[in-house]
Protein chains: 2
Amino acid sequence: MAKQHQASPEARQGATIYSVAEHAGVSIATVSRVLQGVTVVSEPTRQKVLAAVEELGYVALGAARSLAVRHHEAHGLVLPELSGPYYAELLMGFEARAAELAQSVVLVLTDSRTDLAAAVRQLATRVDAIAVFGSAPISADVVRLLRAKKPVVVIAGEPQDGVEAVSAENLESARELAGHLLDHGKRRALFVGDPDSGPDIHNRYAGYVAAHRDRGLDAAEPVRVALREAEGTAFAQRMLAGAYEADALMCANDELALSIMATLQDAGRDVPGDVAVVGWDDVMTARYVRPGLTTVRQPVHELGALAADRLHELVSGEPPRSRAQTLPTQLVVRSSCGCRAAT
Amino acid sequence: MAKQHQASPEARQGATIYSVAEHAGVSIATVSRVLQGVTVVSEPTRQKVLAAVEELGYVALGAARSLAVRHHEAHGLVLPELSGPYYAELLMGFEARAAELAQSVVLVLTDSRTDLAAAVRQLATRVDAIAVFGSAPISADVVRLLRAKKPVVVIAGEPQDGVEAVSAENLESARELAGHLLDHGKRRALFVGDPDSGPDIHNRYAGYVAAHRDRGLDAAEPVRVALREAEGTAFAQRMLAGAYEADALMCANDELALSIMATLQDAGRDVPGDVAVVGWDDVMTARYVRPGLTTVRQPVHELGALAADRLHELVSGEPPRSRAQTLPTQLVVRSSCGCRAAT
DNA sequence: CTGTTAGCGCCTTCAT
DNA sequence: ATGAAGGCGCTAACAG
């Protein structure tokens with residue numbers, strides 16, 4: 001019996017449990033046993049097997065193992081995209097925790113998919129559970145459909161029946177941030193960003209409204225723009241043209257705040273003198289610009305880890321939680337709000 | 001003999017090919033046929049099957065299919081981490097192309113792994129091919145070992161025997177960038193960053209050296225610091241303390257350049273007057289700081305896509321290319337080099 | 001055109 | 001303690 005375990009050009013497939021068994025002079029059942037480490041195996045044979053495994057560099061084929069044990073030891077993660085630090089950080093937290101739990105992570109980015117529903121269904125056939133980002137353009141139907149087959153957790157979205165959710169706090173922090181602006185004496189603060197772009201933004205706007213209400217003030221309607229750099233620039237230009245009257249801008253995220261601030265400054269406006277600008281996320285750029293951007297830091301890494309955790313427990317049979325789990329955020333005060341902070 | 005493939009109504013696992021077959025009153029082979037769409041099936045039965053598939057929401061189990069066809073329809077990607085826009089963009093490019101090619105992507109981040117070798121071996125059992133980032137702390141041994149089982153392509157690294165590489169151009173662009181600095185009259189330009197942190201950086205330093213040689217100048221030894229924000233700040237402080245004499249700093253990447261520039265400016269130094277600072281990558285922050293950071297833009301997205309492409313072709317049986325494929329980069333001149341650009 | 005059947009590689013009772 | 005044998009769900013010959 002010629003051994004073809006040498007890395008011959010075409011026999012790339014590697015050793016199987018059979019070749020290991022033969023090599024060690026035992027049955028495949030024994031090989032499986034020492035590898036699973038569940039049943040007891042006599043030390044001598046155990047060593048023989050281990051030696052064979054080592055020599056042939058054997059690793060069980062994922063598909064075969066999955067088929068036999070009826071699960072994949074993998075988690076799926078569905079995110080819109082990865083530009084900006086938010087999603088990347090979330091992914092890092094998710095991946096790190098998944099790694100600790102010995103789960104592979106297979107990633108799906110919705111922005112690059114034409115047939116998202118198909119992609120998600122596909123994903124469901126290769127993982128044990130799936131975490132999907134709340135604002136991802138996935139119809140609630142798909143989520144529900146998914147949930148029928150695999151455990152699902154929504155990140156930064158609303159919990160639905162049977163689908164639990166994890167997120168960072170928004171409303172109270174937004175209320176605090178908006179309050180901070182108002183306490184600087186600003187009386188025409190505008191909320192820039194579309195509350196309909198997701199539960200997160202929705203709640204930030206709600207906090208903005210609440211802060212006004214707290215002080216017996218009227219909150220303005222939100223300026224509905226997408227959370228992208230280009231939209232911020234466009235908005236700022238409209239503002240420079242006199243389309244908006246405001247002495248403070250509470251932006252839905254830093255990307256928006258940063259582009260708006262830069263455009264305003266380039267046109268000679270003083271920030272925060274003429275108009276204060278604050279954001280949300282605390283991206284790297286926020287601490288490099290002058291004035292430093294006042295914003296809110298979210299525990300994004302932890303959020304990702306939490307999602308991976310919950311997925312694992314759900315797979316382990318734990319029942320889904322009905323209430324969303326919310327992680328606390330932190331107000332980061334720099335100078336763009338009107339404060340004279342260090343930076 | 002009894003078939004027990006009946007999908008009990010509440011079977012959480014979902015429908016199997018058997019339940020679909022039964023539901024449609026045909027054999028599993030027929031179901032498989034219409035789904036694979038290879039062989040011809042009479043239109044009537046075809047419709048019956050499709051209807052059953054639809055009603056049961058059937059999707060073939062990934063593991064079973066993989067086992068039968070002997071491949072996974074998935075690509076693996078090994079990256080160090082995801083902070084900063086570089087890796088995230090690379091991943092997006094990779095994922096997008098993989099999606100087009102109908103390949104799932106399973107991601108492994110080395111920074112979060114304690115046993116990297118094991119993680120990579122594991123990965124190899126669930127994908128058809130693997131792309132690993134060149135500077136990832138993966139010993140050449142592991143790569144070679146991997147290559148014996150699956151096609152591998154190295155991103156931004158040196159091609160090894162049987163392992164092809166894709167990368168962005170570094171040497172010539174660096175030569176151009178360094179030359180630009182020298183042509184501004186700078187005579188004590190320092191290279192900041194460790195050339196040993198990867199082939200990319202190595203070549204950037206080589207370009208720096210070449211530019212000097214081109215002009216009959218002597219190139220200084222590199223200031224070996226890690227490519228992280230904190231290291232940049234520390235370096236800048238040493239420089240402010242008089243440890244280095246320089247009128248220009250060519251930093252290995254933008255993160256370094258940005259933190260150095262900020263620290264220098266905070267201490268009252270004029271950039272680019274007292275000292276010019278340039279980076280590499282063209283991250284978002286680079287265009288928001290003042291002066292705008294002169295840097296080099298890499299086609300990161302395309303690089304990721306190229307890697308996915310090559311993986312796919314390698315899996316399809318195409319032979320590996322011996323020469324590395326290099327994508328062109330672009331010098332982005334702003335003001336931190338001494339030019340009086342728009343920003 | 002369609003059904004039957006033999007694997008794919010591994011895990012897991014069930015005997016021994 | 002170890003071996004034999006039956007699936008896991010699906011694809012792909014091979015017969016009809």
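Every chain is numbered from 1 and lettered A, B, ... according to where its sequence line falls, protein lines coming before strand lines.
For B/Glu164, the salt bridge (Lys or Arg N to Asp or Glu O under 4.0 Å) test picks out B/Arg310, with sequence neighbours left out. The side chain to side chain donor-acceptor pair (under 3.5 Å) search around B/His23 returns B/Glu55, not counting sequence neighbours. Considering only residues two or more places apart in sequence or on other chains, B/Pro199 meets the side chain to side chain contact (heavy atoms under 4.5 Å, CB included) condition with B/Glu158. Residues satisfying the side chain to side chain contact (heavy atoms under 4.5 Å, CB included) criterion with B/Ala305, sequence neighbours excluded, are B/Arg97. By the side chain to side chain contact (heavy atoms under 4.5 Å, CB included) test, A/Ala88 is found to be paired with B/Leu82, B/Ala88, residues two or more places apart in sequence or in another chain being considered. A/Ser112 is linked by a side chain to side chain contact (heavy atoms under 4.5 Å, CB included) to A/Leu109, B/Glu95, B/Ala96, B/Ala99, counting only residues two or more places apart in sequence or in another chain.
Screening residues 27-41 of chain B for salt bridge (Lys or Arg N to Asp or Glu O under 4.0 Å) gives no qualifying pairs among residues at least two apart or on separate chains. Here side-chain hydrogen bond (donor to acceptor under 3.5 Å, both in side chains) pairs that include residues 56-66 of chain A, with residues two or more places apart or in two chains, are A/Gln36-A/Arg65, A/Arg65-A/Glu73. Contacts classified as side-chain hydrogen bond (donor to acceptor under 3.5 Å, both in side chains) and involving residues 43-53 of chain A (residues at least two apart or in different chains) are given here: A/Ser42-A/Thr45, A/Glu43-A/Gln47.
Of the residues in residues 32-44 of chain A, A/Ser32, A/Arg33, A/Gln36 come within less than 4.0 Å of DNA chain C through at least one heavy atom, sorted by number.
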Taking N or O atoms only and anything under 3.5 Å, show me the protein contacts with nucleotides 5-8 of chain C, one pair per line.
unit_1: C/dC8; atom_1: O3'; unit_2: B/Arg70; atom_2: NH1; d: 2.8
unit_1: C/dC8; atom_1: O2; unit_2: B/Leu67; atom_2: O; d: 3.4
unit_1: C/dC8; atom_1: O2; unit_2: B/Ala68; atom_2: N; d: 3.3

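Note on the helix from C/dC1-D/dG16 to C/dT16-D/dA1: terminal axis deviation equals 40°, with five pairs used at each end and the result rounded to 10°.
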